[in-house]
Novice: 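Here it is, the structure, as structure tokens.
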Amino acid sequence: MALRTIITAPDPRLKVISEPVQTVTDDLRRLMDDMLETMYKAPGIGLAAVQIGVPKRIIVIDLAREDETKGPHYFINPVITWASPERAEYEEGCLSVPDLYDMVERPARIRARFLDYHGAEQEQEFGGLMATCLQHEMDHLEGVLFIDHLSKLKRDMMVRKLLKVRKASERV
Ligand code: NI
């Protein structure tokens, strides 16, 4: 496994629409292993392949806390087949939007169809943080960040902060 570099906003590579995976191969599983390792190291609870510059429809998620046993989930070509009318609000963050958080409202429960780590088709229903996290990661596949759900005013403010942090780090 190898650590990959996580791209941070604003970056045009995060706006790319990811391509569907044709076949789940060993190479693809190695990529997912790298994604998971990169996500754990960050640390984060979800990562889409496009965030490491690979525009393929692949997501890894692990909601386990540091002191808990790891429980990785893999989603290849995920599609939402049902979303609840009830909505839920969570404070979201993103490894591509470092250190910035805000409330985002999404459907509280979803059902999703996807291929798992072994390329087998799955359909599962998710609620709570898992539902939010999967929807957040699926947004990445369409080139959408959580800050795109906020008002233009808030989004512009966050982008300015990100650029300021980047400039400061470029000086050292
Ligand atoms: Ni994200």
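Everything numeric here is computed off the predicted structure, so don't read it as measured data. Heads up: numbering here begins at 1 and tracks the sequence. Indexing begins at 1, ligand by ligand and atom by atom, following the structure's order.
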Novice: Listing residue and atom name, which protein N/O/S atoms are closer to the Ni ion (ligand 1) than 2.8 Å?
Specialist: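 Protein N, O or S atoms closer than 2.8 Å to the Ni ion (ligand 1): Cys94 SG, His136 NE2, His140 NE2.
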
Novice: Give a yes or no on whether Phe126 and Leu141 share a hydrophobic cluster (residues Ile, Leu, Val, Met, Phe, Trp, Tyr; joining criterion: side-chain heavy atoms under 4.5 Å apart).
Specialist: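 Yes; tracing contacts between hydrophobic side chains, which count when under 4.5 Å, links both residues.
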
Novice: If you group Ile, Leu, Val, Met, Phe, Trp and Tyr by side-chain heavy-atom gaps below 4.5 Å, do Leu36 and Leu3 land in one group?
Specialist: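 Leu36 and Leu3: separate clusters.
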
Novice: Would you say the side-chain atoms of Glu92 and Thr132 include a donor-acceptor pair closer than 3.5 Å?
Specialist: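 Their side chains do not contain a donor-acceptor pair, so the 3.5 Å distance test is not met.
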
Novice: Checking side-chain polar atoms at under 3.5 Å, does Asp139 have a donor or acceptor matched by the opposite partner on His149?
Specialist: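 There is such a pair (donor and acceptor under 3.5 Å, judged by atom type) between the side chains of Asp139 and His149.
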
Novice: So with a 6.0 Å cut-off around CD of Glu91, is the heavy-atom count from everything else above 12?
Specialist: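 Above 12, so yes.
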
Novice: I want to check something: taking the side chain as every heavy atom from C-beta on, are Gln51 and Met35 in contact at a cut-off of under 4.5 Å?
Specialist: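 Contact flag for Gln51/Met35 side chains = no.
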
